[in-house]
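First the structure, in the form of structure tokens, and then the observations on it.
Convention: sequence-line order gives letters A, B, ...; per-chain numbering from 1.
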Protein chains: 2
Amino acid sequence: MKTADPELMRAINRFHVMDAIRRFGPISRVEISQLTELSPTTVSAITAALLDDKLIMTMQVGALRDSTRGRPRVMLRLNPDAARVVGVKLAPDLITVAVTNFCADVLRSVALPIRIDRQTPAVIADLVEDGVRRCVSDAGLEMKDISGLCIGLPGVVERAAGVCRQSPIFGDRDVAFGPQLTERLGVPVTIDCDVNLCALAEHWFGQGRGLNDFLVVSVERSLGLGILHNGELFRGASGLSPDLGDFMVRPSGNEGGRLGDLASETSVLADLETPARSRESDGAHGHGRAIAQVVQRADAGDKRCIAALAAAGEALGFAIANLITLFAPPKVIVSGGEMAHSEHFLGPLRRALAAQLPPSLADVSEIVAREWSDGIWVRGAAAMTLRDLYGAPWNTTGPARPSTAIAEGEP
Amino acid sequence: MKTADPELMRAINRFHVMDAIRRFGPISRVEISQLTELSPTTVSAITAALLDDKLIMTMQVGALRDSTRGRPRVMLRLNPDAARVVGVKLAPDLITVAVTNFCADVLRSVALPIRIDRQTPAVIADLVEDGVRRCVSDAGLEMKDISGLCIGLPGVVERAAGVCRQSPIFGDRDVAFGPQLTERLGVPVTIDCDVNLCALAEHWFGQGRGLNDFLVVSVERSLGLGILHNGELFRGASGLSPDLGDFMVRPSGNEGGRLGDLASETSVLADLETPARSRESDGAHGHGRAIAQVVQRADAGDKRCIAALAAAGEALGFAIANLITLFAPPKVIVSGGEMAHSEHFLGPLRRALAAQLPPSLADVSEIVAREWSDGIWVRGAAAMTLRDLYGAPWNTTGPARPSTAIAEGEP
DNA sequence: ACACATTTATTTGTATAGCGAATAAAAAAC
DNA sequence: GTTTTTTATTCGCTATACAAATAAATGTGT
């Protein structure tokens, strides 16, 4: 915890005000005052400063004069043009880029269906750079208009250092992808675990609005876990994001208990030894098609497909039970592609969950399947950057807090 | 996050100063200033207030004048007599009570070897009340001298509400033990999961000094998990403490995969179907003796005992691997009785851990076995209370933060 | 012995924060 | 047009942190 001074005080309260404006849309000063429990005076002062900085703008009172008398409220909202940021999501066979404004509205996005896993980091950086430049240019902007950029990718990411410790995308370990792109693009680039972005997006725009605690489990080719705790993204020690794929669901002796080898899309396909269209050669969308096929065949009654999906669901349900035991979140969001929505997957997941959970926790968590949407990732990536621009004084989500001298141990 | 005002500012900085004094013993104002990065002016002001409140005291410069010239430093230390608090630890067959001073030094302690599990909460409250009153009186104090009391017990505890959701101690669910004792003793009583107290104690006095992240796994009759994250105790949503016993290590279909049924002392005994001295009738120390016997026989080469301990160690190692995957803590402290120190238990634990951990996390965590000491629990309980008296402005450890209006969702 | 250097602690003065009370602004109600 | 009501701002107050100047307390050197 940083030492407190007037500056921090202002930063905290300013963030509260910004957050209230962001969340509750056009909002008047009185309402902000009520929501934040700051005095009207303070709200007035802070909003004046924000208006001065052009971070927010006034909205002339529109329809909502409910024939109340008194001086009408002046509604405040974020100034969409205060900044533009870029969000990037890397998947093994798809690069998604989006440019958003200060409200996290997507101005322009491009999806590049390119198979990038096992390319060298330099090549991937090239592709990302190209994609970003193109998307920015398509949006009618130049790079100098961009205030920041965040890249989400699966795996274990150390956000503070901008280093990807390990990822299905990169063959190498410890790729300093953030600094690399920062240099290439001349814009501050952060990287983060993709599912963290998803969690932030859910918190800002999706199923997690108004919730201070929830889990996001992403089921794609690999598995991810994002934890929102006490209104903040939770990161492990030294800011590492956990990799749900490395979670073990049974002792490894008996033919591998890695969850990633049991419950991911990849593992389901491997389990079925999907014939024909070998996944290496089939380019970008082969994987997605293969999964869709599996789900279809399961719907049609194919026993093997049903069993494969059920096995995956059960394994994930087992893992989620343990996560609920640890975190007791009121909500668990299962986010993913077609597989994640199939009842052949979700049903066994729920059943396994119910079987494993201790009775005391049986009802604390609601499991919801989140409709897949490409947009949410990049919006989350944008939000991650915006959060910093909004002036968040909590370092929880930003780079790991520089541990104060007092925290260093014996003097 | 609370809104910031000058009061909070002062509270934060005062806590930093208190914490520096607590941790770095007799310490001068200049050193505090360096450690906390507060200005000398501020440190002077805060320490003056603390001295005024008699929370700290000056120490006449002792031996450590290293022939440096200049005005000698005035050393500051906690005033041991600033307050007394009581820590209580409940185990199924043992109640431990300790009275400590403001430095968390134990003034007096009593251990009551009473089998309390399955007694009614009222009876247990009676016993605790008696024990506390006796211990306080033995210390030459009266209840009015006591500033606070914290009770640690195994199970799932909701500290904020003072409610024990579930515990091997109580047959009932949702026992409001905190308020009950508060009324009986006329002193603020908090309750907490015992292993959280242990974690705090390790952080203040033990293996966790200077570490901002570590796990404590307690192996007793039941299993506990305490998480220190970013220098603060981690609690699940709504302040619930997790119960490691409910962690599953294999799908429950095949004869129960609850970790508590596989790796606790109780389960080892059950596994061996310890003959003779039936555990029900043998009063308080039967359990401990039985465990000691198992360890002894394992040391002597008894195959069944070795296997039982190994199975328990493996199960726990499996669970710890998953915890490391999630939290990546630099240290994991395994705390417990004789069983937890036996190499017949720890060896398999380490091996299972090594087998399950992903390579990228193979070396991040050091596993240490913590010598059992009754004292540490009650000292932790005392520390938990002292933390509040020191004025910790973070509600993470205290009662759950009253979620500000802004966090409540849509307006 | 006594001036001087040196380190530590306090005092003084300044800037900034938040907040309550009074005030101004703006619109409906009378 | 005046009053009422609600919203926003201004003014005056207090609390905080901090930098600079000052005081305190000790060792060093002549």
Side-chain angles (χ1 to χ4, degrees), chain A residues 1-17 20-21 26-52 56-76 391 393 404, chain B residues 1-17 20-21 26-52 56-76 391 393 404:
Chain A
M1 185 72 146
K2 242 191 71 186
T3 61
D5 56 18
E7 205 176 326
L8 176 71
M9 197 159 116
R10 196 41 172 296
I12 291 172
N13 290 338
R14 189 171 43 208
F15 182 74
H16 276 138
V17 171
I21 297 175
I27 186 178
S28 68
R29 292 175 176 81
V30 251
E31 292 171 291
I32 296 174
S33 175
Q34 288 157 3
L35 280 169
T36 59
E37 293 174 347
L38 290 166
S39 75
T41 311
T42 304
V43 173
S44 223
I46 291 176
T47 52
L50 292 174
L51 282 167
D52 210 51
I56 62 173
M57 52 195 293
T58 61
M59 245 180 64
Q60 278 328 312
V61 32
L64 49 150
R65 304 272 314 114
D66 310 303
S67 78
T68 65
R69 60 184 187 174
R71 177 174 175 173
R73 304 175 167 186
V74 178
M75 301 313 250
L76 302 171
T404 48
Chain B
M1 185 71 146
K2 241 190 71 185
T3 61
D5 57 17
E7 204 177 326
L8 175 71
M9 197 159 113
R10 198 28 145 4
I12 290 173
N13 290 338
R14 188 172 44 211
F15 181 74
H16 276 136
V17 171
I21 296 174
I27 185 178
S28 67
R29 291 175 176 81
V30 251
E31 291 171 291
I32 297 174
S33 174
Q34 289 157 4
L35 279 170
T36 59
E37 294 174 349
L38 290 167
S39 74
T41 311
T42 304
V43 172
S44 224
I46 290 176
T47 52
L50 293 174
L51 282 167
D52 210 52
I56 62 173
M57 52 195 293
T58 61
M59 246 180 63
Q60 278 328 312
V61 31
L64 49 151
R65 305 274 312 116
D66 311 303
S67 76
T68 65
R69 60 185 188 173
R71 177 175 174 172
R73 304 174 168 187
V74 177
M75 301 312 250
L76 301 171
T404 49

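Checking D:dA8, D:dT5, C:dA17 against every side-chain atom of A:R69, the shortest atom distance belongs to D:dT5. Proximity note for B:R73 (side chain, C-beta onward) versus C:dG18, C:dT8, D:dA17: the nearest is C:dT8. When distances run from any side-chain atom of A:P6 to the nucleotides D:dA8, D:dT16, C:dT10, the shortest one goes to D:dT16. Each of C:dA17, C:dC19, C:dA9 was ranked by its minimum atom distance to the side chain of A:L38; first place goes to C:dC19. For A:P72, taking side-chain heavy atoms from C-beta onward, the closest of the listed nucleotides C:dA27, D:dT26, C:dG18 is C:dA27. Taking every side-chain heavy atom of B:I46 into account, D:dA17 is the closest of D:dA17, D:dT9, C:dC19. Of the candidate nucleotides D:dA17, C:dA9, C:dC19, C:dC19 has the atom nearest to the side chain of A:T42.
The shortest distance between side-chain heavy atoms of A:I32 and A:I21 falls below 4.5 Å.
You'll find a donor-acceptor pair under 3.5 Å spanning the side chain of B:T41 and the base of D:dA19, going by distance alone. Contact of B:R71 with C:dT8 (side chain to base): a donor-acceptor pair of N or O atoms is detected under 3.5 Å.
If you take CD of B:Q34 and P of D:dC18, they are 15 Å apart, rounded to a whole angstrom. Nucleotide D:dT6 holds its P atom 16 Å from the CE atom of A:M75, rounded to whole Å. Counting to the nearest Å, the P atom of C:dC19 and the NE2 atom of A:H16 are 12 Å from each other. We find that CD1 of B:I32 is positioned 12 Å from C1' of C:dA9, with the value rounded to whole Å. The CG-P distance, from A:L8 to C:dG18, rounds to 11 Å in whole Å. Rounded to an integer number of Å, the gap from CZ of B:R29 to P of D:dC18 is 17 Å. For the pair B:R14 CZ and D:dA17 C1', the computed distance is 15 Å after rounding to whole Å. We find that CD of A:E31 is positioned 8 Å from P of D:dT7, with the value rounded to whole Å.
Here A:A45 lies out of heavy-atom contact (under 4.0 Å) with every strand. Residue contacts shown for B:A4 are limited to sugar-phosphate atoms, with no base heavy atom under 4.0 Å away.
Taken from CD1 in A:I27 to OG1 in A:T47, the straight-line distance is 11.0 Å, to the nearest 0.5 Å. Note that CE of A:M57 and CG of A:L50 are 13.5 Å apart. Values are rounded to the nearest 0.5 Å. The distance from the CD atom of B:E31 to the CE atom of B:M75 is 5.0 Å, given to the nearest 0.5 Å. A distance of 11.0 Å separates CG in A:L35 from NE2 in A:H16, rounded to the nearest 0.5 Å.
Proximity of B:N13 to the phosphate of D:dT16: no side-chain N or O atom is located under 4.0 Å from OP1 or OP2.
In this structure, A:S33 contributes its side chain and A:L38 its backbone to a donor-acceptor pair below 3.5 Å.
If A:T47 and A:D5 are placed on DNA chain D by their nearest nucleotide, the residue sitting closer to the 5' end is A:T47.
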